[in-house]
Amino acid sequence: MQEALTNVLRHAPTARSVTVTVGQGEQCVTVEIADDAPATRSRHPQRGGYGLIGMRERVEALGGTLRAGPRPGAGWSVLATLPVPTGEPR
């Protein structure tokens with residue numbers, strides 16, 4: 001999720017705030033990075049780094065899911081959901 005924070009700096013320089021929310025349930029942990037930047041034409045110029053594709057690959061390798069996209073009204077959100085290990089061998 002460090003990449004999501006870096007993306008705010010790169011692609012949403014007009015954001016006034018960034019919220020990091022971490023939650024834990026019985027079966028999963030969620031981490032959301034959300035900013036409040038006004039909508040722009042494109043927030044995805046290629047600049048190196050791993051980007052959303054790399055984040056998605058890493059989250060899915062751990063058995064989780066990644067959702068990224070615009071928030072209602074303004075801003076952008078990246079939400080990762082990861083399973084909580086049960087301690088049982090696979």
### Task
For S77, enumerate each residue passing the side-chain hydrogen bond (donor to acceptor under 3.5 Å, both in side chains) test, keeping only those at least two apart in sequence or located in another chain.
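Counting only residues at least two positions away or on another chain, S77 forms a side-chain hydrogen bond (donor to acceptor under 3.5 Å, both in side chains) with E32.
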Are [X] and [Y] close enough that some pair of their side-chain heavy atoms sits under 4.5 Å apart?
X: V22; Y: T30; result: no
X: Q27; Y: V84; result: no
X: R10; Y: E3; result: yes
X: V31; Y: T21; result: no

### Task
With sequence neighbours excluded, give me every salt bridge (Lys or Arg N to Asp or Glu O under 4.0 Å) pair touching residues 16-29.
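Only R16-D36 qualify under salt bridge (Lys or Arg N to Asp or Glu O under 4.0 Å).
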### Task
Write down the atom of A68, the atom of R56, and the distance for their closest heavy-atom approach.
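For A68 and R56, the tightest heavy-atom pair comes out as N-NH2, 4.4 Å.
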### Query
Between P38 and T14, what is the shortest heavy-atom contact and its length?
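Looks like CD-OG1, 3.3 Å.
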### Query
Residues in side chain to side chain contact (heavy atoms under 4.5 Å, CB included) with V59, at least two apart?
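Residues passing side chain to side chain contact (heavy atoms under 4.5 Å, CB included) with V59: L66, A80, L82.
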### Query
Of all residues at least two apart in sequence or in a different chain, which pass the side chain to side chain contact (heavy atoms under 4.5 Å, CB included) check with A74?
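Scan of A74 (side chain to side chain contact (heavy atoms under 4.5 Å, CB included), adjacent residues dropped) gives none.
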### Task
Treating Ile, Leu, Val, Met, Phe, Trp and Tyr as nodes and any side-chain heavy-atom pair under 4.5 angstrom as an edge, say whether L79 and M55 lie in one connected cluster.
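Result: no, two separate clusters.
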### Query
At what distance, to the nearest 0.5 angstrom, does OG1 of T6 lie from CE of M1?
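Answer rounded to 0.5 Å: 11.5 Å.
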### Query
So how far is it from N7 CG to L52 CG, rounded to the nearest 0.5 Å?
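The CG atom of L52 is 6.0 Å from CG of N7, to the nearest 0.5 Å.
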### Query
Step by step, would you call L5 with V20 a side-chain contact (heavy atoms from CB on, under 4.5 Å)?
CA-CA 9 Å; L5 288 169; V20 178; 4.1 Å; yes
### Task
Answer yes or no: does atom CZ of R67 have more than 12 heavy-atom neighbours from other residues, nucleotides or ligands under 6.0 Å?
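12 or below, so no.
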